[in-house]
2 protein chains.
Amino acid sequence: MESMSDALDSVFSALADPTRRAILSMLLEDDMAVTDVADPFDMSLAAISKHLVILTKAGLISQEKRGRVKWCKLQPDAMRSASVWMQGFGQFEPVNLDAFERFLKEELQETVDP
Amino acid sequence: MESMSDALDSVFSALADPTRRAILSMLLEDDMAVTDVADPFDMSLAAISKHLVILTKAGLISQEKRGRVKWCKLQPDAMRSASVWMQGFGQFEPVNLDAFERFLKEELQETVDP
DNA sequence: CGTATCGTCAACCATTTGGTTGAATAACGC
DNA sequence: GCGTTATTCAACCAAATGGTTGACGATACG
């Protein structure tokens with residue numbers, strides 16, 4: 001069984017990598033096949049496959065195989081415990097979604113198009 | 001200059017270690033000297049000192065030297081960007097502070113008293 | 001002054017991480 | 001059936017991480 005602390009470990013360390021954060025941002029749009037996830041990155045498919053395993057183990061995505069294609073789906077609920085943990089350190093401003101979209105776009109640029 | 005993505009990298013990877021999360025929880029109570037931070041952990045002072053450097057570089061704490069004692073102070077604002085990033089993936093329930101205190105206590109137990 | 005305390009530094013070590021390649025497995029399309 | 005596409009596996013590698021120890025520089029105390 002996984003302790004609470006282990007869950008925070010795996011979620012925070014999954015989120016600590018810019019490639020993995022970029023993948024999560026992409027999946028915010030829609031579910032994607034592994035190959036399509038890998039496409040914008042300057043990195044082997046095998047490397048992306050490993051990142052997806054890490055995201056899956058952290059519970060941040062799920063993967064379902066249909067035919068020869070494996071679909072990746074965002075599971076944002078896995079962020080809840082981490083989010084709650086952080087919220088305990090302060091009340092952060094209510095989310096400005098417009099600002100957030102600009103933020104995501106910029107981060108995506110930085111990551112896949114350096 | 002530090003990009004947004006670098007800031008998220010350093011904050012999330014700082015938070016990915018249970019020892020460092022426990023330190024932050026301790027500092028929620030009050031500012032502390034390095035030696036006192038190190039006290040509950042079964043680990044050398046030098047190791048804790050390194051963790052504190054990582055937390056400082058991430059902006060999550062500040063350190064001020066008065067006399068021969070270096071005081072550590074929580075800087076929860078550094079979590080804001082990371083929190084906002086995560087919030088973008090879903091509206092997580094409003095924080096239940098009682099539950100959060102139980103949560104922290106349990107995590108602290110697991111970490112310093114295994 | 002001498003000594004004890006606070007904290008960091010430097011060197012070292014084992015393990016983990018993030019990437020690579022090439023081969024292997026599995027499902028499609030002709 | 002056969003080539004092609006989708007994905008993972010295995011072996012390997014360099015660099016980063018998290019820890020140790022012992023020496024060291026500063027500050028405080030008696």
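Order of the sequence lines fixes the chain letters, A, B, ..., with proteins taken first and strands second; residue numbering starts at 1 for each chain. Everything numeric in this text was worked out from a predicted model, so none of it was measured.
- Contact annotation for R20(B): backbone-only contact, meaning every heavy-atom pair under 4.0 Å involves sugar-phosphate atoms and none involves a base.
- To the nearest angstrom, P of dT17(D) lies 10 Å from CG of D9(B).
- Between S49(A) and the phosphate of dT7(D), there is no side-chain N or O to OP1/OP2 separation shorter than 4.0 Å.
- Rounded to whole Å, the distance from CG on L15(B) to P on dG18(D) is 12 Å.
- Nearest to the side chain of V69(A), among dG19(D), dT8(D), dA6(D), sits dA6(D).
- To the nearest 0.5 Å, the span separating CD1 on I61(A) from CZ on R20(A) amounts to 11.0 Å.
- Using a 4.0 Å heavy-atom distance criterion, K50(B) is classed as a base contact.
- In this model, the phosphate group of dG19(D) is approached by a side-chain N or O of H51(B) to a distance below 4.0 Å at OP1 or OP2.
- Annotation: the span from M79(A) atom CE to L60(A) atom CG amounts to 5.0 Å, rounded to 0.5 Å.
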Side chains of residues 67-76 of chain B: which donor-acceptor partners sit under 3.5 Å, not counting sequence neighbours?
residue	atom	partner	partner atom	Å
Q75(B)	NE2	S62(B)	OG	2.8

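- Taking atom CG of L55(A) as the reference point, atom P of dT7(D) lies 15 Å away to the nearest angstrom.
- In this structure, K65(A) atom NZ and dT8(D) atom P are separated by 8 Å, rounded to whole Å.
- Atom C1' of nucleotide dG19(D) and atom CD1 of I48(B) are separated by 11 Å, given to the nearest angstrom.
- To the nearest angstrom, P of dG18(D) lies 10 Å from CE of M43(B).
- Close approach of DNA chain C to chain A, defined as any atom under 4.0 Å from a non-hydrogen atom of the protein, starts and stops at dG18(C) to dC28(C).
- Scanning atom types as modelled, one donor and one acceptor separated by under 3.5 angstrom connect the side chain of R68(A) and the base of dT5(D).
- Using cut-offs of 30° and 60° on the angle between ring planes, the pair W85(B) and F12(B) is perpendicular.
- Separating the CG atom in L15(B) from the CG atom in L8(A) is a distance of 9.5 Å, to the nearest 0.5 Å.
- When the nearest nucleotides of DNA chain C are assigned to G67(A) and I54(A) by heavy-atom distance, the more 5′-ward of the two goes with I54(A).
- Look at CG on L45(A): it is 12 Å from P on dC9(D), rounded to the nearest Å.
- Atom CD1 of I48(A) sits about 12.0 Å away from atom CG of D36(A), to the nearest 0.5 Å.
- Rounded to an integer number of Å, the gap from F41(B) CZ to dG19(D) P is 10 Å.
- The structure places CZ of R21(A) at 9.5 Å from CG of L24(A), a figure rounded to the nearest 0.5 Å.
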